[in-house]
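A, B, ... follow the sequence lines: proteins, then strands. Residue 1 opens every chain. Below, all heavy atoms of this structure are taken into account, side chains as well, without hydrogens, waters or symmetry copies.
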Amino acid sequence: MEKPRVLYWFRTDLRLHDSPALKAALDLDPAVLWPIFTWDPHYVYRSKVGVNRWQYLLDCQNDLSDSIKKLNPKSKLFVVREAPQTVLLKLFWAWKVTHLVFERDTDTYARERDRVVVESARKAGVEVVTRYGRTLWDIDDVVAKHGGKPTMSITQLQAAGNKVGAIPKPIPSPKHLPDPGEMPVDFEHDRPDTERDLNAPLRSKTDKTYNSVAGPKGDFAIETLEELGFSAATTPHRGGETIALEKLAQIIADQEYTATFQKPKTNPTAFEPQATTLLSPLLHFGALSPRLFYWRVQEVVEKYGKNASHPPESLTGQLLFRDMYFAAQAAIGSPFPQALNNAHVRFIPWHLPSKVDDGTETGTNAISGEYHIDSPQAEKWFQRWKFGVTGFPFVDALMRQLRVEGWIHHLGRHMVACFLTRGGCYVHWERGADVFEELLIDHEVACNAGNWQWLSCTAFYSQYYRCYSPVAFGQKWDKNGDFIRKWVPELKDMDAKFIYEPWKASKSALDKAGVKIEGDGLGGGMEQGTSTYPGPMFDFGERRSACIAAMKTAYSIGLHGNDERVRNSTWKELFENAGETEMEAVHGSDDDGHGAPLEKGKNGGKHGRTKSDAVKEGPMDRHVKKLKAP
DNA sequence: GAAAACGTTGGCTGG
DNA sequence: CCCAGCCAACGTTTT
């Protein structure tokens, strides 16, 4: 009996430590083993990936490749430049593969992709071996123990997880790796359709990723940013398993930090160093095993004794939330990252709703990433949010940090997400999720979509009256505004009294700080090196009231994403009858938004106190932080 | 069945 | 400085 010839397919597990799938591959006692990564067009062209996340992925790939080379100088991470759905079958034949081994992935696209690959393996007589190690528990087991339903709270996740059993203990890294076999590529190369390249606007040069299966030098080298058509990354954060294990060791070494970590008490304005671990991008690419992280923390917690923090606030609690979102996504499937057709997501008539993609690429009316500009005002607010020129310094600081670093603190994400959706702009959470998808180095579909649903109060969370203030929330941690001074240098000399709301500063205070409050920030004033900073794009207190009232109306109507009336647009009548005019308070009827604009004062309706009433009364004014007179 | 408690992490005032 | 209590009030789970 000949020894197995194993193709090990790395995907979201770019590490050697604690890899159940890699262990299974080595347990086959292979004659040869090829560690490969397939360069998937779904990621390269059909997902938005900003330059910082590309850099982070390349870091992880290069570090893994170096580690493989240390175990066996003849081997490395071989990058195969073709869609796995087509290329793996060709490799099965050309390389005489007997076994394909990979770690399972419960993301919607990955499941479908893997189904195709497994089918092609069956045709080629290749045995497929899979294991799972991407989350604490096997997510399919969690869903099964939860009756096939999505886990919509942390208690549900914990209950289902406990039924699955103990979280597996980490597996050591392998001590050796077999040689790779021969790698002929004398087969036809399928190139992907690049006509619809979501990343085209982000590339400064044409991408050459797919010129040949084995890359420009024919050596299966890891691609470079330049090859992808990107200019240099701006993030200071670097990826890779080596860094992951070092960072974890540093965190664990601080036993008090590890054992008493309470997420709500960590400071979103802290920088150099930030208040949380920054392990999320490493978990995303699999450079760090969540189970290793869990058990290392757990050892410290147990040793620390009764003063340790507990889930959900603790460090391990953060990992539980990750499992919760993965399990929710696994149960809901393709509608998970969108509102449409999603029975678990509340319907709110947000501005800038997604266009529906009737194409067949993903089926089931998946959103296309494009959106309707139902309100020019909301579109402008969205653009100003996206580029960090809202005129609210704390929001702008966070959005600029996000663009440069690809990372902001979790509570900072809460702030800007609440502001864009239910607590300010009333823009669809899918727009915000799109921007985060492009800019975050730790972007995880399940966690991103789930958290946007949470913050917009459309799923997981419903206390929409708890609203983050762009002034008070940051001041809670950073009275002096150092975080703003770093990211919004126009305001670096501003008096601390006004740095969160510079529009309230007197002319002399502004002159002293060298600041001019002017324009909408979109005209490029910043690039000219002036200290012009835009005024606030709306009255926050007014918008907060209008949004809360509109949310109340939407909640009382009670539609969800799978409702027939959502799909056929008859929902509009319901909202018209209820007086849904969230924009009215701002600028009357120049918005062609949801339903016919109503005249002020005609929206009494059956829902009693409407947002117009609330705005006229102005009872929420006290929620806008008023500074004491100097 | 009704009421209370709970739910990852709000803001503000007054003591 | 910290904290309790209020605001106006959601859905779900527990009692």
- Query: If you measure from CZ on A/Phe293 to CD1 on A/Ile251, what distance do you get to the nearest 0.5 Å?
  - Reply: 6.0 Å

- Note on the structure: Partner of B/dT9 under the Watson-Crick or G-U wobble criteria, both distances under 3.5 Å, comes out as none

- With C1' as the reference atom in both, quote the distance from C/dG5 to C/dA9 in angstrom, rounded to an integer. 16 Å

- Query: Whole-Å distance between B/dG11 C1' and A/Arg422 CZ?
  - Reply: 13 Å

- Message: Please classify the nucleic acid contact of A/Tyr464 as base, sugar-phosphate, or nothing, using heavy-atom distances under 4.0 Å.
- Response: sugar-phosphate

- Message: Looking at A/Arg53 and A/Leu440, would you say the former's side chain and the latter's main chain have a donor-acceptor pair under 3.5 Å?
- Response: yes

- Using a 4.0 Å heavy-atom cut-off across all strands, classify A/Lys265 as base, sugar-phosphate, or nothing. nothing

- Grab the two heavy atoms, one from A/Ala308 and one from A/Tyr304, that are nearest each other, plus how far apart they are. N-CD2, 3.9 Å

- Nucleotide of B/dT8, B/dT9, C/dA9 approaching A/Tyr468 most closely (side-chain heavy atoms): B/dT9

- Query: Closest approach of A/Arg346 and A/Gly558, non-hydrogen atoms and distance?
  - Reply: NH1-CA, 4.1 Å

- On DNA chain C, more 5' by nearest nucleotide between A/Arg466 and A/Tyr555 is A/Arg466

- Starting from C1' on C/dC10, measure out to CH2 on A/Trp454 and report it in whole angstrom. 13 Å

- Task: Using the P atoms only, state how far B/dG7 lies from C/dA8, rounded to an integer number of Å.
- Result: 24 Å

- Message: If the cut-off is 4.0 Å, is A/Lys552 near the phosphate of C/dC10, judged by side-chain N/O to OP1 or OP2?
- Response: no

- Assigned partner base of C/dA8, Watson-Crick or wobble definition, under 3.5 Å: none

- Note on the structure: Taken to the nearest whole Å, CE/A/Met551 to P/C/dA8 is 18 Å

- By nearest-heavy-atom nucleotide on DNA chain C, the more 5' of A/Thr155 and A/Ser462 is A/Ser462

- Given atom CD of A/Glu501 and atom P of B/dG11, what is their separation to the nearest angstrom? 13 Å

- What is the nucleic acid contact for A/Arg413, judged by heavy atoms within less than 4.0 Å: base, sugar-phosphate only, or nothing? nothing

- Atom pair distance, as rounded to whole Å: CZ in A/Phe321 and P in B/dT8: 5 Å

- With rounding to whole Å, what would you report as the distance between C/dC6 and B/dT8 at their P atoms? 24 Å

- Message: Within this structure, what is the NE2-OH distance for the pair A/His351 and A/Tyr426, rounded to the nearest 0.5 Å?
- Response: 8.0 Å

- Item | A/Ile154 CD1 to B/dC6 P, straight-line distance once rounded to whole Å | 18 Å

- A/Phe460 CZ to C/dG11 C1', in whole Å, measures 14 Å

- Distance, rounded to the nearest Å, where A/Leu411 contributes CG and B/dG10 contributes P: 9 Å

- Task: Measure from the side-chain heavy atoms of A/Gln156 and tell me the nearest of B/dG11, C/dT12, B/dT9.
- Result: C/dT12

- A/Tyr465 side-chain proximity, nearest of C/dC10, B/dT9, B/dG11: C/dC10

- Task: Kindly say whether, by distance alone, the side chain of A/Gln463 makes a donor-acceptor pair under 3.5 Å with the base of C/dG11?
- Result: no

- Check every strand shown and say whether A/Asn267 touches a base, only sugar-phosphate, or nothing at a heavy-atom separation below 4.0 Å. nothing

- If the P atom of B/dC6 is compared with that of C/dA4, how far apart are they to the nearest Å? 15 Å

- Options B/dG11, B/dT8, B/dT9, nucleotide nearest the side-chain atoms of A/Pro312: B/dT8

- Message: Under a 3.5 Å distance rule, please check whether A/Asn52 uses its side chain to pair with a backbone N or O of A/Thr235 as donor and acceptor.
- Response: yes

